[in-house]
There are 2 protein chains.
Amino acid sequence: MTKQIQKNEASLKVFKALADPIRLEIIRYLNGLDHEVACGEVGHAMQISKTSGSYHFKILQEAGLITVQKIAREKYVQLDRSTFDHYLTHFWQNI
Amino acid sequence: MTKQIQKNEASLKVFKALADPIRLEIIRYLNGLDHEVACGEVGHAMQISKTSGSYHFKILQEAGLITVQKIAREKYVQLDRSTFDHYLTHFWQNI
DNA sequence: TAAATAGTTCAAAAATATTTGAACTATTTT
DNA sequence: AAAATAGTTCAAATATTTTTGAACTATTTA
């Protein structure tokens, strides 16, 4: 019975979202674009399965690190820089 | 056979170190001090076992988030703010 | 010197995170 | 209408992380 106290603070969610090599790659990819891209395009560039992509994009979204817009059949994603700024750039102010 | 590609970049190590509620607590505790404290004192304040403390301090140290100085029987730790600044505050410059 | 204190190491157990493939919904194209 | 495309959901398999307690080293105190 070692269950961790689930404070589930926003900051923990953000750092957990950043603590994965694929998601860091996705973030770097999106950072080089600065406009919306379809999940599929990103997933293809990362060479991951669509199921895995779906999983990772959900985690990024729930952490608030990306914004998502569904247009027809596709889901377009983009970095939400305000979240990065809040938890990373302004880390000491919000710790 | 799902082993992840171990790029083990420094930034990944840092975010993994931050992705745990106990370690975030430790960081907040140390941030409120700004001078060295013994591991035991911190662990006691966090209400964790010494084994668990030893584990978490090792992860923080290997990520470069704390500096450690052993004096006699005790190990004194302190935040290494330059690492926080590099990976968090200056995130966009180092991504 | 014996006992106490601070911390580490180890392997097993427990908890959590990630991947996989199949089946599914919704939309678009032919 | 059928086939193709984009993405989701689910449960099982796998991988990784964290906790636990016992045994250990090194130092200090009685």
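Reminder, nothing fancy here: chain letters follow the sequence lines and each chain counts from 1.
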Under 3.5 Å, N/O pairs linking protein and nucleotides 26-30 of chain D:
unit_1: D/dT27; atom_1: O2; unit_2: B/Arg73; atom_2: NH1; d: 3.3

Output for pair (A/His56 NE2, A/Arg23 CZ), nearest 0.5 Å, gives 6.0 Å
Just how far, in rounded Å, is P of C/dT9 from CZ of B/Phe57?
15 Å
Determine whether A/Arg81 and A/Asn31 make a side-chain contact, defined as any pair of heavy atoms from C-beta on separated by less than 4.5 Å.
yes
Nucleic acid contacts - residues 58-65 of chain A versus DNA chain D, non-hydrogen atoms under 4.0 Å:
none
So, using side-chain contact (heavy atoms from CB on, under 4.5 Å) as the criterion, who are the partners of A/Gln47 when residues are at least two apart?
none
Measure from the side-chain heavy atoms of A/Glu74 and tell me the nearest of D/dG7, D/dT17, C/dT8.
D/dG7
Could you give the distance from CD1 (A/Ile27) to CG (A/Asp20), rounded to the nearest 0.5 Å?
9.5 Å
Name the atoms and distances for all side-chain donor-acceptor pairs under 3.5 Å in residues 60-74 of chain A, with sequence neighbours left out.
unit_1: A/Glu74; atom_1: OE1; unit_2: A/Tyr76; atom_2: OH; d: 3.1

In this structure, CE of B/Met46 is separated from CD1 of B/Ile26 (nearest 0.5 Å) by 6.5 Å
Whole Å only: how far is the NZ atom of A/Lys75 from the P atom of C/dT27?
15 Å
Nearest of D/dT18, D/dT9, C/dA17 to any side-chain atom of A/Lys16?
C/dA17
Look up atom CD1 in A/Ile59 and atom OH in A/Tyr55, then write down how far apart they are to the nearest 0.5 Å.
3.5 Å
Could you pull out all donor-acceptor pairs under 3.5 Å where a side-chain atom in residues 88-95 of chain A meets a protein atom, sequence neighbours excluded?
unit_1: A/Thr89; atom_1: OG1; unit_2: A/Asp85; atom_2: OD1; d: 3.3
unit_1: A/His90; atom_1: ND1; unit_2: A/Asp85; atom_2: O; d: 3.2
unit_1: A/Trp92; atom_1: NE1; unit_2: B/Asp85; atom_2: OD1; d: 3.1
unit_1: A/Asn94; atom_1: OD1; unit_2: A/His86; atom_2: NE2; d: 3.4
unit_1: A/Asn94; atom_1: ND2; unit_2: A/His86; atom_2: O; d: 2.9
unit_1: A/Asn94; atom_1: ND2; unit_2: A/His90; atom_2: O; d: 3.0

Please work out which residues in residues 36-53 of chain B have a non-hydrogen atom less than 4.0 Å from an atom of DNA chain C and list them by number.
B/Ala38, B/Cys39, B/Gly40, B/Lys50, B/Thr51
Measure the distance from OH on A/Tyr76 to C1' on D/dG7 and round it to the nearest whole Å.
12 Å
Using whole Å, what does the distance between atom P of nucleotide D/dT16 and atom CD1 of A/Ile22 come to?
12 Å
Rounded off to whole Å, could you give me the CG-to-C1' distance for the A/Asp20 and C/dT19 pair?
11 Å
Let me see the working for B/Tyr87 and B/Lys13 under side chain to side chain contact (heavy atoms under 4.5 Å, CB included), right down to the final yes or no.
CA-CA 10 Å; B/Tyr87 293 101; B/Lys13 221 172 201 177; over 6 Å; no
Interatomic distance, CG@A/Leu18 vs CG@B/Leu12, rounded to 0.5 Å, equals 10.0 Å
So, OP1 or OP2 of D/dT17: does either fall under 4.0 Å of a side-chain N or O from B/His56?
no
Rounded to the nearest 0.5 Å, what separation is found between the CZ atom of B/Phe15 and the CG atom of A/Leu24?
6.5 Å
Could you tell me the separation between the CG atom of A/Leu24 and the P atom of C/dT18, rounded to a whole number of Å?
11 Å
Nearest whole Å is fine: how far is C/dT16 C1' from B/Tyr55 OH?
11 Å
